[in-house]
Protein chains: 2
Amino acid sequence: MDPWYKIVTMSSEANLESVLEANGVARQLIGHIGDKWSLLVIAALGHEAQRFSRLKARIEGINQRMLTRTLRALERDGIVERNVYPTSPPTVEYVLTRMGRDLSVAVTGICEWARRNLDEVEASQRLFDERAARRI
Amino acid sequence: MDPWYKIVTMSSEANLESVLEANGVARQLIGHIGDKWSLLVIAALGHEAQRFSRLKARIEGINQRMLTRTLRALERDGIVERNVYPTSPPTVEYVLTRMGRDLSVAVTGICEWARRNLDEVEASQRLFDERAARRI
DNA sequence: CGGGATCCGTCGGGATACTG
DNA sequence: CAGTATCCCGACGGATCCCG
């Protein structure tokens, strides 16, 4: 089976099934980490264990419910690990697993792209909107 | 400004603002390509120009409306270019721009991660669900 | 062929209140 | 402190029909 980048960089007549397979992979991927907060939580976690309230403070705009949900989903996927220490009040720490750390590295490429191209994207948007406004 | 990977790999007490900045970048990113179809369209495009109906055939499960919307959004972002040839019936071709090709390369890392870890993710999910079922 | 317009269901996600 | 439980809404996305 051809890896994804081959599909991306040399999509030809022949490998329709490969595209479909990539379809499935990307679908899974988007299902797991493509929601609004997952990437931010992964970024905020870094490689050191952090407590719930600390994460909530680091991630601007998130509320308890969404942080809990996101952490649960990531835990279910094996991307973060949850450790409870039975103190009083309870202490709960979250830390990236091996898979989580790998993912945070992989995310780097996308984020660097975003960082490099955000200005150009916004410029393109303004141009597009301007033209659209004139046509109407 | 520190790049994203530094935030990810060395998140410490000091760089809260950096996390917030990453917050914004990731937010933009998710807003642009984090929807259900963008990555699939980018993958299906590859580096060669393709017509609307061809794309629709390559991307399993998409309908005209969503393909149109996704292509418009990507065009607005400067990620794909739309070329119309005034033939009859009309011919419309889509092709990745320079930014789009860069992005498709960056996406590779994430997709490779997904490909490598999908089995482990699914195993983790089963384990998690099984445990959850026992506790109840 | 390559769309645009419209209707409509679902579901992600926010606000708020309560709990061990 | 670290959640769980409800309520609610707006946007995303699917189906269908129409058009140049």
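On a predicted model such as this, the values are computed, not experimentally measured, just so you know. Chain identifiers are assigned alphabetically (A, B, ...) following the order of the sequence lines, protein sequences preceding nucleic acid strands; residue numbering begins at 1 within each chain.
Gln50(A) places a side-chain N or O within donor-acceptor distance of the main-chain N or O of Ala44(A), the cut-off being under 3.5 Å.
Taking the side chain as every heavy atom from C-beta outward, Leu45(B) and Val95(B) never approach each other to under 4.5 Å.
Closest non-hydrogen pair, Thr87(A) versus Thr91(A), comes out as OG1-OG1, 3.0 Å.
Proximity of Arg69(A) to the phosphate of dG13(C): no side-chain N or O atom is located under 4.0 Å from OP1 or OP2. For Tyr94(A), no side-chain nitrogen or oxygen approaches OP1 or OP2 of dC1(D) to under 4.0 Å. Here Ser53(B) reaches the OP1 or OP2 of dG2(C): one of its side-chain N or O atoms lies under 4.0 Å away. Considering only side-chain N and O atoms, Arg54(B) lies nowhere under 4.0 angstrom from the phosphate OP1 or OP2 of dC1(C).
Rounded to an integer number of Å, the gap from CD of Glu93(A) to C1' of dG3(D) is 16 Å. One atom, CG of Asn63(B), and another, C1' of dA15(D), lie 8 Å apart when rounded to the nearest Å. In this structure, CD of Gln64(A) is placed 14 Å from C1' of dT6(D), rounded to the nearest angstrom. Counting to the nearest Å, the C1' atom of dA2(D) and the CZ atom of Arg82(A) are 8 Å from each other. Remark: P of dA5(D) and CE of Met66(A) are 14 Å apart, rounded to the nearest angstrom. Rounded to whole Å, atom P of dG3(D) lies 12 Å from atom CD1 of Ile62(A). Rounded to an integer number of Å, the gap from CG of Asn83(A) to P of dG3(D) is 12 Å. Between Leu67(B) atom CG and dG13(D) atom C1' the separation is 14 Å, expressed in whole Å.
Tyr85(B) comes within contact range of no nucleotide atom at all, as no heavy-atom separation falls under 4.0 Å. Residue contacts shown for Arg65(A) include a base, since a base heavy atom lies under 4.0 Å away. No contact: Lys56(A) has no heavy atom under 4.0 Å from any strand.
Residues Asp35(B) and Leu71(A) both approach DNA chain D. Their nearest nucleotides, taken by heavy-atom distance, put Leu71(A) toward the 5′ side.
Linking ILVMFWY side-chain heavy atoms closer than 4.5 Å, directly or via other members, places Val84(A) and Val80(A) in a single hydrophobic cluster.
The existence of a salt bridge linking Glu130(B) and Arg134(B) is confirmed by a sub-4.0 Å separation between a basic side-chain nitrogen and an acidic carboxylate oxygen.
The base of dT4(D) lies outside donor-acceptor range of the side chain of Arg72(A), with no N or O pair under 3.5 Å.
Taking only side-chain atoms of Trp37(B), from C-beta outward, the nucleotide of dG13(C), dG3(C), dG13(D) with the closest atom is dG13(D).
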